[in-house]
Amino acid sequence: MTTLPLVDAPRRRAALPPRHLADLDLAGRRAAVAALGEKEFRAGQLSTHYFGRLVRDPDAMTDIPVTARGRLVGELLPTLLSAVREQSCDGGATRKTLWRLHDGALVESVLMGYQDRATVCVSSQAGCGMACPFCATGQAGLTRNLSTAEIVDQVVWFAGLSARRVSHVVFMGMGEPLANYTRVVDAVRRLTDPAPDGLGLSQRHITVSTVGLVPAMRRLADEDLAVTLALSLHAPDDELRDELVPVNQRWQVAEVLDTAWAYAARTGRRVSIEYAMIRDVNDQPWRADLLGRLLAGRLAHVNLIPLNPTPGSRWDASPKPVEREFVRRLRAAGVPTTVRDTRGREIDGACGQLAAAEVAQ
Ligand code: SAH
């Protein structure tokens, strides 16, 4: 099988960060602790601090001898993420953090607090190689994959800060999660393993969003994980999708949808079809009708996202009446459809714009 260069690992392999407890399963942690000359059960104690109590300060680890603490924390809980900038809106319910990684790469994550739950939107790569022209992250290209622990730690930080319980995680920050497959799947396992080995989230509360890398979607269906798949479709026809989501030139609409239906059949999970509403580009009534025909009767719902215009882009969001008509036609075709709320808009929520602004300075 040939693959697009886009889908491969970064060409110049950037160094991954130091090893962290969240990179390892419990057996790996025991081995790492033993290699440091410590009792294996210290691995469980460290896991309880990090995942269970959300503690990373050695001074608070009073069940571990003082002499061992510094070394264990230094070796297994190195600092991976340093906050460069924080922004909040919606009265503090939405918070976005820009992180600097050990090599200076920048990524961002967003916390969205609701009445009774909180969702963290994580990045899976620094930058992105998928080159979607309406996405801020896509413009800058791929810097590198994140490590498993760099992904997990974004959630653990917010879990330690949030007044509400972090219950949901969406892979909708920077990067194409399925292009960093092994680390993303490992991160899902760390997030969903019961505490204190992991964070104990429900698999059903994790959403992995993809441009539609068909082989990786098939592989994900075989993982025995009940995670929700979100497919960034953005156009129902190949001619337009080739432009909006360039990877479509490799895996086209019919094939990517077939793979999504196979995922739904295998996991029993309803697939979320993401569709950014772009004025006069993909918002015509005939495209709503075509989308409706493609999705009718399938285990799917449509999530319309008002386009968040990126600086310097020629594209804008669809007018509200156009959006309403698009929704009406999809629903008339029997396709459950929602319009995503635009929480975090003022802080360029989750579309790579904060990191882009920082790089531009
Ligand atoms: N690479 C993954 C995850 C990235 S972002 C993917 O493409 O699915 C999550 C969603 O935000 C995707 O559906 C993406 O297409 C969408 N998105 C990116 N830039 C956007 C923008 N400027 N306005 C609205 N949605 C955008």
Side-chain angles (χ1 to χ4, degrees), residues 4 6-7 96 107-110 112 119-142 145-146 151 154 168-181 184 187-188 206-214 216-217 220 227-235 240-241 243-248 251 256 259-260 263 271-279 281-283 300-318 323 338-357:
L4 282 178
L6 291 177
V7 181
K96 173 149 138 171
V107 297
E108 55 196 22
S109 18
V110 183
M112 290 160 284
T119 298
V120 178
C121 176
V122 296
S123 294
S124 56
Q125 299 181 310
C128 185
M130 298 298 122
C132 303
F134 58 90
C135 172
T137 310
Q139 304 320 296
L142 178 63
N145 286 325
L146 299 195
I151 298 168
Q154 296 169 54
H168 292 67
V169 172
V170 296
F171 284 80
M172 294 189 180
M174 298 172 78
E176 166 50 43
L178 296 188
N180 186 15
Y181 186 89
V184 164
V188 170
I206 309 265
T207 299
V208 173
S209 182
T210 181
V211 288
L213 305 184
V214 162
M217 289 165 71
L220 189 65
V227 300
T228 300
L229 184 70
L231 172 63
S232 297
L233 196 66
H234 303 313
L240 179 57
R241 194 165 189 267
E243 185 188 352
L244 295 182
V245 184
V247 81
N248 192 70
W251 294 290
V256 89
T259 312
Y263 185 91
V271 173
S272 178
I273 302 294
E274 310 291 297
Y275 200 103
M277 291 291 285
I278 313 176
R279 182 203 287 259
V281 173
N282 65 352
D283 60 358
H301 80 280
V302 172
N303 190 14
L304 294 180
I305 317 168
L307 183 81
N308 198 1
T310 60
S313 156
R314 58 202 153 105
W315 286 322
D316 203 355
S318 303
E323 181 185 285
T338 51
V339 178
R340 183 186 292 175
D341 73 13
T342 47
R343 295 263 306 251
R345 246 211 163 158
E346 309 92 285
I347 55 171
D348 298 333
C351 293
Q353 294 175 9
L354 184 59

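Whatever order the structure lists them in is the order used to number ligands and atoms, beginning at 1.
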Checklist line | Exam field: side chain Asn180 to backbone Ser124, donor-acceptor pair closer than 3.5 Å | finding: yes
Margin query: Between ligand 1 and Arg340, is the shortest N or O to N or O distance under 3.5 Å?
Written below: no
Using atom types as modelled, flag every donor-acceptor pair under 3.5 Å from a side chain in residues 169-176 to any protein atom, sequence neighbours excluded.
from, atom 1, to, atom 2, distance (Å)
Glu176, OE1, Val211, N, 3.0
Glu176, OE2, Leu178, N, 3.1
Glu176, OE2, Thr210, OG1, 2.8

Next item on the list: Measure from atom 4 (C) of ligand 1 to every heavy atom in Cys135, Gly173, Pro177 and give the option owning the shortest one.
Entry: Gly173
Margin query: Going by ring-ring contact (aromatic ring centres under 6.0 Å, His included), name the residues that satisfy it together with Tyr263, two or more places apart in sequence or in a different chain.
Written below: none
Note to self: Tell me whether Thr310 has any N or O atom under 3.5 angstrom from an N or O of ligand 1.
What the structure shows: no
Note to self: Distance under 4.0 Å to a non-hydrogen atom of Phe134: what atoms of ligand 1 satisfy this?
What the structure shows: 15 (O), 17 (N), 18 (C), 19 (N), 20 (C), 21 (C), 22 (N), 26 (C)
Check: Any sub-3.5 Å donor-acceptor pair from Gln154's side-chain atoms to Ser123's backbone N or O?
Finding: yes
Notebook entry, point to check: ligand 1 versus Glu176, non-hydrogen atoms closer than 4.0 Å: side chain, backbone, both, neither?
Noted result: both
Item checked: Atom indices of ligand 1, in the order listed, that fall short of 4.0 Å to a heavy atom of Gly175 -> 1 (N), 2 (C), 3 (C), 4 (C)
Check: Taking atom 16 (C) of ligand 1 as the point of reference, which of Ile305, Thr210, Thr207 owns the nearest heavy atom?
Finding: Ile305
Checklist line | Close N or O approach (Asn308, ligand 1; < 3.5 Å) | finding: yes
Next item on the list: Check each atom of ligand 1 against the heavy atoms of Ser232 and keep those under 4.0 Å away; list them by number with element.
Entry: 6 (C), 7 (O), 8 (O), 12 (C), 13 (O), 15 (O)
Notebook entry, point to check: Quick one: are Gln139 and Thr310 in side-chain contact, heavy atoms under 4.5 Å?
Noted result: no
Item checked: Interatomic distance, Leu229 atom CG to Ile273 atom CD1 [nearest 0.5 angstrom] -> 8.0 Å
Next item on the list: Report yes or no: does Asn282 contribute a side-chain atom to a donor-acceptor pair with the main-chain N or O of His234 at less than 3.5 Å?
Entry: yes
Check: For ligand 1, does Thr137 get within less than 4.0 Å through its side chain, its backbone, both, or neither, judged by non-hydrogen atoms?
Finding: neither
Item checked: Proximal atoms of ligand 1 relative to His234 (non-hydrogen, under 4.0 Å) -> 13 (O), 14 (C), 15 (O)
Next item on the list: Please say whether Cys128 places an N or O atom under 3.5 Å from an N or O atom belonging to ligand 1.
Entry: no
Notebook entry, point to check: Which atoms from ligand 1 have a heavy atom of Met172 less than 4.0 Å away?
Noted result: 5 (S), 9 (C)
Margin query: Contact between Arg241 and Leu233 at the side-chain level, heavy atoms closer than 4.5 Å - yes or no?
Written below: yes
Next item on the list: Decide yes or no for Ser109 and Lys96: does some side-chain heavy atom of the first lie under 4.5 Å from some side-chain heavy atom of the second?
Entry: no
